[in-house]
K.L.:
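Before I ask anything, let me first share the structure, which is written out below as structure tokens.
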2 protein chains.
Amino acid sequence: MNQKIENLSKKLVEKNIKPSFQRIKVLEYLTTKRNHPTVDEIFNELVIEIPTLSKATVYNTLDLLMESKLARIVTIEENETRYDADVTNHGHFKCDLCGVIYDFPVNIDDLSTDSLKNFKINEKNVYFQGICPKCLDNIDNNKDKNKGK
Amino acid sequence: MNQKIENLSKKLVEKNIKPSFQRIKVLEYLTTKRNHPTVDEIFNELVIEIPTLSKATVYNTLDLLMESKLARIVTIEENETRYDADVTNHGHFKCDLCGVIYDFPVNIDDLSTDSLKNFKINEKNVYFQGICPKCLDNIDNNKDKNKGK
DNA sequence: TTTTAAATTTATAATGATTATAAATTTATT
DNA sequence: AATAAATTTATAATCATTATAAATTTAAAA
Ligand SMILES: [Mn+2]
Ligand SMILES: [Mn+2]
Ligand SMILES: [Zn+2]
Ligand SMILES: [Zn+2]
């Protein structure tokens with residue numbers, strides 16, 4: 001448990017970010033929840049444990065994490081920005097019904113990108129939308145119900 | 001010339017959208033410029049020809065085009081939403097230096113998405129970031145200059 | 001053609017996420 | 001302990017988007 005804090009602290013120090021309590025907590029939230037949260041979601045959870053917390057600190061910390069590549073923005077169309085401490089290559093799927101954002105493995109290098117051979121590519125994002133299995137099940141169940149009537 | 005207007009008008013009618021002058025002009029802007037514009041860019045250009053134009057009309061029209069799949073949002077991380085009348089499968093590349101958004105062909109179906117076999121996928125977005133050839137050239141040229149000194 | 005109703009456009013206010021600014025607090029240095 | 005630097009906090013400003021209602025245009029009815 002305390003080991004985790006140590007690890008997070010080390011991660012920050014490695015990137016020359018002073019590991020303040022607030023910063024560790026934001027990073028901990030991202031890495032343990034892995035829920036692609038908004039600033040508000042992070043703030044509302046952490047302010048319970050840190051009553052003096054300011055939303056500005058959450059914004060500042062996320063900016064720091066982004067600069068040092070310890071976190072990235074989930075590029076999906078939403079009015080609130082969502083963040084992800086998993087910076088490895090993976091795709092995102094957002095369910096249009098329940099809104100949950102799923103991770104999925106995707107071999108981005110498989111994408112034929114001959115037309116970009118003269119471009120320097122720094123980031124690759126893959127984002128799908130649709131309906132998740134849970135919501136598909138719910139739809140099916142409702143159909144069955146109506147059939148019975 | 002007038003033929004184009006006819007075509008755009010037909011496109012709207014097919015989707016049960018009344019082809020008002022403002023709506024045709026917004027769609028014309030999107031299809032001819034193909035520059036992934038913001039609402040402001042569309043408005044500022046069209047208000048020259050339509051001095052009474054309201055920004056609300058641009059928002060309303062874009063919402064209509066989106067609903068009927070005549071346009072889509074360019075899913076990239078920006079504070080202003082950008083729109084695209086090209087709804088065929090293609091990827092977007094944004095240059096971090098000049099900000100230009102390039103289209104590029106991408107065979108999205110090549111992506112192995114076994115893990116999403118129970119998901120209903122409605123939309124697929126591919127978005128890359130980096131530096132475009134033009135800006136790469138500029139960087140090289142500047143290096144050469146400094147070398148000469 | 002006039003009247004009436006519906007649809008569209010416009011003007012404007014409200015919302016809300018993000019950014020900016022400066023004061024307060026904490027941490028490090030002398 | 002005193003001072004300086006860094007961090008956090010509180011608060012105001014910005015600005016894209018949404019909401020609302022009035023004005024205008026278009027279509028339908030009389
Ligand atoms: Mn993720
Ligand atoms: Mn495009
Ligand atoms: Zn769902
Ligand atoms: Zn460029």
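Just so we're on the same page: letters track the sequence lines, and every chain starts at 1.
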K.L.:
With sequence neighbours excluded, what pairs up with A:Glu67 under the side chain to side chain contact (heavy atoms under 4.5 Å, CB included) test?
P.N.:
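A:Glu67 satisfies side chain to side chain contact (heavy atoms under 4.5 Å, CB included) with no other residue.
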
K.L.:
Checking B:Lys11 now: which residues fulfil salt bridge (charged side-chain N to carboxylate O under 4.0 Å, His left out) with it, not counting sequence neighbours?
P.N.:
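Result, salt bridge (charged side-chain N to carboxylate O under 4.0 Å, His left out) vs B:Lys11: none returned.
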
K.L.:
How does protein reach along nucleotides 22-30 of chain C, written 5' to 3' as B (base within reach of a heavy atom under 4.0 Å), S (only sugar-phosphate), or - (no contact)?
P.N.:
---------

K.L.:
Please list, in numerical order, the residues of residues 54-83 of chain A that have a heavy atom closer than 4.0 Å to any atom of DNA chain C.
P.N.:
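When residues 54-83 of chain A is checked for heavy atoms under 4.0 Å from DNA chain C, the hits, listed by number, are A:Tyr59, A:Asn79, A:Glu80, A:Thr81.
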
K.L.:
Considering residues at least two apart in sequence or located in another chain, which fulfil the ring pair (Phe, Tyr, Trp, His ring centres under 6.0 Å) criterion with A:Tyr83?
P.N.:
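Result, ring pair (Phe, Tyr, Trp, His ring centres under 6.0 Å) vs A:Tyr83: none returned.
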
K.L.:
By side chain to side chain contact (heavy atoms under 4.5 Å, CB included), which residues pair with B:Lys120, not counting sequence neighbours?
P.N.:
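By the side chain to side chain contact (heavy atoms under 4.5 Å, CB included) rule, B:Lys120 matches A:Ile131, A:Leu136, B:Asn122.
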
K.L.:
Less than 4.0 Å between a side-chain N and a carboxylate O, is that true for B:Lys94 and A:Glu123?
P.N.:
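Salt bridge: no.
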
K.L.:
Check every strand shown and say whether B:Thr38 touches a base, only sugar-phosphate, or nothing at a heavy-atom separation below 4.0 Å.
P.N.:
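Touches nothing.
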
K.L.:
May I ask you to evaluate whether B:Gln22 reaches the phosphate of D:dT25, defined as a side-chain N or O under 4.0 Å from OP1 or OP2?
P.N.:
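Checking D:dT25 against B:Gln22, no side-chain N or O comes under 4.0 Å of OP1 or OP2.
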
K.L.:
Rounded to the Å, how far apart are B:Leu53 CG and C:dA11 C1'?
P.N.:
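Result: 12 Å.
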
K.L.:
Quick one: list whatever passes salt bridge (charged side-chain N to carboxylate O under 4.0 Å, His left out) with B:Asp86, sequence neighbours left out.
P.N.:
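Counting only residues at least two positions away or on another chain, B:Asp86 forms a salt bridge (charged side-chain N to carboxylate O under 4.0 Å, His left out) with B:Arg34.
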
K.L.:
Would you please name every residue forming a side chain to side chain contact (heavy atoms under 4.5 Å, CB included) with A:Arg72, sequence neighbours left out?
P.N.:
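For A:Arg72 the side chain to side chain contact (heavy atoms under 4.5 Å, CB included) partners, ignoring immediate neighbours, are A:Asp84, A:Val87, A:His90, A:His92, A:Asn125.
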
K.L.:
Under 3.5 Å, side-chain donor or acceptor atoms of residues 45-59 of chain B against the rest of the protein: list the pairs with distances, not counting sequence neighbours.
P.N.:
residue : atom : partner : partner atom : Å
B:Glu49 : OE2  : B:Lys25 : NZ           : 3.4
B:Ser54 : OG   : B:Ala56 : N            : 3.1
B:Lys55 : NZ   : B:Asp40 : OD1          : 3.1

